[in-house]
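What follows is a short report on a single structure.
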Amino acid sequence: LGAGAPSYIVSNTVGRFYPDRFAMVSASLVNGCNTFSYMSQQHLPLNYEIQAQSVSGTMLSNYGATYGTLPSLAYVAENANAANGAVLSPRVIETSAKNWTAGRLLVATNAMFNRAATPDGPYPELNIGLTLTDTFDGRELAERNMNATTTGVCAGAACTARQLNTTPLDLRFGRLRLDNAFGSGSAELPVNFITEYWYINRFFKNLNDNCTLILRSAINYPSGSILTPANLTVGLSGGSTTGIYNAMTPIEIGFSGGDAGHRFSAPGANATGTFNVNVNLTSYPWLRFDWNGDGAHTDISLPTAQYSFGQYRGHDRIIYWRERFD
């Protein structure tokens, strides 16, 4: 309108904008086998969502990988609110990639609670929480409700983490066990092939274990892996016997109540012979034990189990011997 160019003032830079807080909007962490989990088995289903939010609680969609230094996350663990987090927290392992997208971090993975060097536990009241450290903006994780280094329930600023599970987890130090057996050829030979867990000062059969699956390729009879069906049958003098399991698929052996229901068929009253069975635990670190007594509970094989059919001579000092079938 002929007034000429307007005068204006250039403002200083506005910002930097940053979140008011981080909020965990959903979380789920449960036992891997119904009511319990084995230590060192990566089968704790873990899911959670964290959002970068404004003062009003709106998710900030511009917050992401290009924003700056993203917050670091860590896990803490405590059993029975007994302030044992310093010992238990480092045993929580979860290594999935953490990718923030449009203001949101989604994690859907399996976590693990590592074994100690020697059997311990069980930890039937284990809670696992998440801590968030934002060195870039100093923002905090809202609604924290857990402190793994103090006894009892925390409150307010005394809380340092957000609990991920709503029901306590039950973590157990487990092992697989296969015993020797001897019997008459006129009847089936029962075999003790079970899972166990450490309780206070010794191992007990894990009656809650309806989840363990052992690959048939890890079990070796005299002719080789029982992944080959023909290898389930073992030749003896005067007959043959076949390995039987309660739950056997073409690939795996299943356990129910901590028991594989293992047995060998009757080879015949006059059949005699001895053979060995081996189990490889390379793929099952949560079921290993110190069978060789070297102090390391990491043996990748069970002790060789021996099975015999025939008449048991016994000891010269035994006057009377009776075989009892239950």
Side-chain angles (χ1 to χ4, degrees), residues 30-45 110-115 119-124 126 169-181 183 188-200 202-221 224-229 231-234 241-265 275-291 297-307 326:
V30 296
N31 283 306
C33 181
N34 301 320
T35 60
F36 82 97
S37 299
Y38 283 120
M39 300 178 192
S40 288
Q41 184 177 13
Q42 192 172 343
H43 71 153
L44 293 169
N110 285 319
M112 175 172 65
F113 183 83
N114 260 345
R115 289 172 153 202
D120 69 338
Y123 297 110
L126 188 75
L169 306 175
D170 183 356
L171 272 297
R172 303 180 183 185
F173 191 111
R175 75 176 184 183
L176 187 65
R177 176 176 170 179
L178 179 64
D179 290 343
N180 302 327
E188 281 189 345
L189 180 65
V191 174
N192 202 36
F193 189 28
I194 61 175
T195 55
E196 298 179 320
Y197 74 101
W198 180 262
Y199 182 75
I200 300 178
R202 66 187 183 94
F203 281 95
F204 291 84
K205 185 177 182 180
N206 193 354
L207 299 176
N208 298 116
D209 188 351
N210 299 312
C211 304
T212 289
L213 297 169
I214 301 296
L215 289 170
R216 288 173 56 168
S217 59
I219 303 173
N220 292 285
Y221 281 21
S225 160
I226 63 170
L227 182 62
T228 301
N231 292 343
L232 284 164
T233 299
V234 180
T241 183
T242 300
I244 304 169
Y245 301 85
N246 280 352
M248 182 168 61
T249 72
I251 302 297
E252 297 168 318
I253 302 297
F255 286 68
S256 177
D259 200 320
H262 187 18
R263 58 201 184 275
F264 287 100
S265 64
F275 60 94
N276 296 332
V277 171
N278 296 283
V279 180
N280 188 311
L281 296 179
T282 299
S283 300
Y284 306 94
W286 58 93
L287 294 176
R288 297 177 190 170
F289 180 66
D290 181 24
W291 295 107
H297 292 74
T298 56
D299 296 0
I300 62 172
S301 296
L302 291 181
T304 297
Q306 188 175 85
Y307 303 103
D326 292 326

Notebook entry, point to check: Distance from D170 atom CG to F113 atom CZ, nearest 0.5 Å?
Noted result: 11.0 Å
Next item on the list: Could you tell me the separation between the CD1 atom of I251 and the CD1 atom of I214, rounded to the nearest 0.5 Å?
Entry: 14.0 Å
Notebook entry, point to check: Between Y221 and Y245, how do the two ring planes meet: parallel, tilted or perpendicular, split at 30° and 60°?
Noted result: tilted
Checklist line | Mutual orientation of the aromatic rings belonging to Y38 and H43 [parallel < 30°, tilted 30-60°, perpendicular > 60°] | finding: parallel
Next item on the list: Could you tell me which non-hydrogen atom of N34 sits nearest to which non-hydrogen atom of C211, and how far apart they are?
Entry: ND2-SG, 4.1 Å
Checklist line | Side-chain heavy-atom pair Y284, L215 within 4.5 angstrom cut-off | finding: yes
Check: When rounded to the nearest 0.5 angstrom, what is the spacing between NE2 in H262 and CD1 in I194?
Finding: 12.5 Å
Check: Which distance, rounded to the nearest 0.5 Å, do you find between the CG of L302 and the CG of L281?
Finding: 4.5 Å
Notebook entry, point to check: Considering all heavy atoms of both residues, which atom of T249 and which atom of R216 are nearest to each other, and what is their separation?
Noted result: O-NH1, 2.9 Å
Notebook entry, point to check: Hey, does the Lys NZ or Arg CZ of R177 hover above the aromatic six-ring of F203, less than 6.0 Å from the centre and inside 45° of the axis?
Noted result: no
Item checked: Verdict with reasoning, C33 to D209, per side-chain contact (heavy atoms from CB on, under 4.5 Å) -> CA-CA 7 Å; C33 181; D209 188 351; 4.3 Å; yes
Check: Nearest heavy-atom pair of L171 and M39: which atoms, and what distance?
Finding: O-CE, 3.8 Å
Next item on the list: State, to 0.1 Å, how close N180 and T304 come at their nearest heavy-atom pair, and which atoms those are.
Entry: OD1-O, 3.9 Å
Checklist line | From CG (N220) to OG (S225), nearest 0.5 Å | finding: 5.5 Å
Note to self: Working to the nearest 0.5 angstrom, can you tell me the gap between T298 OG1 and W291 CH2?
What the structure shows: 13.5 Å
